[in-house]
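Structure record follows, encoded as structure tokens.
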Amino acid sequence: MRPAKLLLTTIFGPYGIKNKYAEGLGMQMELFNNQITREQGVHSPRTNFFTFPLYFLAENLSSVSTTVLDFPTWRAFVRELKKGYTHVGISFVQQNVLKAKRMAEYLRKNYPEIKIIVGGYGTMLPDLEDIVPCDEICRGEGVSWLREYFGENPDAPIKHPIMHGVSQKYLYGFREVIDDSGMIFPGLGCTNGCFFCSTSNKFNNSYIPFLPTGESVFAVCEEGQEQLGVDGFAIIDENFLKMPDRARDLLANMEYHRQPYSFAVFSSAETITEVGVDFLVRLGVCLIWVGVESEKTLFSKVKDIDVRSLVAELQAKGITVVSSSILFAEHHDKKTLEQEIDWAIDLGTDLHQFMQLIPFPGTPLYTRYVAEGKMIPDFPYTKLHGQDELAFYHPHFTSREAGKITRKAFRRKYETDGPGVLNMAHTVIRGYETARADMEFREETGLSWNPGTLRYERSGNYQPDEFMKLRIEKMRQRALEFRPIILSSRIFAPNNDCRKKAAQVATLYNEALGTPTLQERVKSFALVGFATIEWFRIQVKRLFGKREILRQPPIRRVEYNTESSAPSRVEAAEIPTGLQHRCNPST
Ligand code: SF4
């Protein structure tokens with residue numbers, strides 16, 4: 001029998017273009033521009049992330065020759081199939097089901113011998129098998145599923161891939177060629193079980209840890225530093241702090257090895273209050289995504305928590321806060337929705353995601369809405385992205401007006417708080433100043449870190465806090481990285497208030513770090529040059545009725561377990577971008 005040869009692929013691009021397979025709005029392969037810095041024009045960071053789960057799956061198959069194809073065009077996908085695969089795994093989210101369908105139908109027609117495996121959130125669709133022809137559906141955790149499918153030991157140790165997170169990044173039109181961060185994938189799922197949440201419900205409200213200890217997370221950081229030269233990591237885990245012992249253990253490892261790595265994490269409010277903000281600062285959390293959802297405490301994760309004070313403390317101590325809230329919830333009418341938007345903006349977080357309530361198949365919300373007849377019949381799955389039309393009958397809003405209200409909410413956030421990158425620069429410099437002042441205070445008063453209580457406390461045996469000195473130096477470096485954007489954010493600010501804010505942030509930087517060096521000035525002015533070109537390009541696009549410049553993520557192809565002996569992983573050169581459709585730009 002022919003040995004198995006597996007292709008793991010994402011759905012094909014281009015992305016963010018409305019056609020018969022997918023929507024445009026709300027479907028870029030860009031988290032920020034799609035649903036966080038939406039409406040921020042030239043200030044919106046344009047970032048694509050690798051489809052990390054596919055690399056994770058490939059890395060954990062030991063006997064099967066596997067290729068990962070990330071962000072292929074249709075042509076690249078078709079060409080890849082000529083390489084003699086026995087199995088093709090297509091990973092997709094619900095909104096891209098028609099792209100998965102096209103790929104699977106092409107396979108059935110041209111390669112009927114190839115087994116088709118589908119995976120990802122798209123597998124939560126109840127009528128998936130009627131839409132996408134396939135042989136197997138991987139519904140749960142994929143590593144053990146694939147291992148079992150190919151006759152391997154599903155409980156073999158997990159091998160974590162060491163890789164960068166970002167495939168492409170533009171800031172003010174300038175393409176950053178060095179990605180200084182890595183990606184860590186400690187586990188799947190979340191035990192909070194919020195009624196609308198696909199992630200939690202896909203894994204039956206349970207958490208599946210891949211890196212169960214702080215030591216295992218630290219080992220991945222060390223490898224990342226060694227192989228990629230990075231010391232900052234995006235932790236892709238729905239609620240990383242939900243296992244506080246792992247986070248404590250990670251800090252203990254960093255302190256022991258004197259390695260102040262930094263992290264971007266997702267965490268719910270109740271877990272943050274449990275460990276405390278000082279712990280997060282010490283741990284090196286520089287960005288945290290918190291789902292605040294609603295002013296009405298409908299969820300246990302925000303019950304009895306003063307969200308506003310929590311946000312203020314996080315920001316004062318230098319942690320960028322990305323918040324997210326839900327629009328068009330059941331309790332919203334015209335007045336309360338406006339109040340809810342005001343509340344979310346008043347939190348003053350650095351970045352905010354407004355997401356419409358989406359009854360995703362597989363969630364309790366969907367089951368209830370179907371039972372109550374609230375779902376709009378035949379609402380296309382392609383439109384379940386939460387930025388335009390509602391998929392259900394809302395008593396106070398039409399499906400169509402929801403899109404306009406959502407867009408206006410993003411616009412208000414932008415005009416009130418200014419560009420998100422400026423807010424981040426503000427938080428970073430405040431945090432650096434706070435950390436220095438707090439350190440001085442502790443030195444004067446003899447307060448030491450108590451890893452047991454996760455607090456600074458008076459102890460009879462005061463020792464200089466060398467680890468925190470390293471941490472503060474990292475904060476200083478991070479502040480310096482943000483400095484060049486301040487001038488561009490000021491010049492292209494949406495209004496006078498935001499221009500004044502940019503000027504105040506520049507003053508804070510001067511006070512904390514001294515006046516800018518010649519090199520820093522050159523960087524700032526160079527960025528203004530790029531920003532000006534980007535700004536003109538956006539205006540031209542708008543003249544032609546387009547929302548913005550759309551950028552496609554580069555195609556990436558990586559081979560694992562090839563027949564050639566030496567490395568188990570062979571990374572092909574990037575397929576030239578000329579092969580991509582250069583048109584418009586998703587999740
Ligand atoms: S806390 Fe977040 S990840 Fe967890 S169930 Fe709720 S929405 Fe989902």
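Counting starts at 1 for both ligands and their atoms, following the listed order. Heads up: numbering here begins at 1 and tracks the sequence. These numbers come from a predicted model, not from an experiment.
Protein N/O/S atoms closer than 2.8 Å to atom 4 (Fe) of ligand 1: Cys190 SG.
With salt bridges taken as basic N to acidic carboxylate O contacts below 4.0 Å, one links Glu270 and Lys242.
The side-chain tip of Lys99 points at the ring of Phe12 from less than 6.0 angstrom away and within 45° of straight on.
Shown are Gln259, Lys474, Gln225; of these, the side chain to side chain donor-acceptor pair (under 3.5 Å) with Asp231 is made only by Lys474. Residue His160 is tested with Phe52, Tyr55, Phe233 for a ring pair (Phe, Tyr, Trp, His ring centres under 6.0 Å); the sole match is Phe52. Among Phe328, Phe410, Trp343, the single residue meeting the ring pair (Phe, Tyr, Trp, His ring centres under 6.0 Å) criterion with Phe354 is Phe410.
Contacts of Phe266 with ligand 1, taken as heavy-atom pairs under 4.0 Å, are absent altogether.
Summarising the local packing, NZ of Lys334 is surrounded by more than 12 heavy atoms from other residues, nucleotides or ligands at distances under 6.0 Å.
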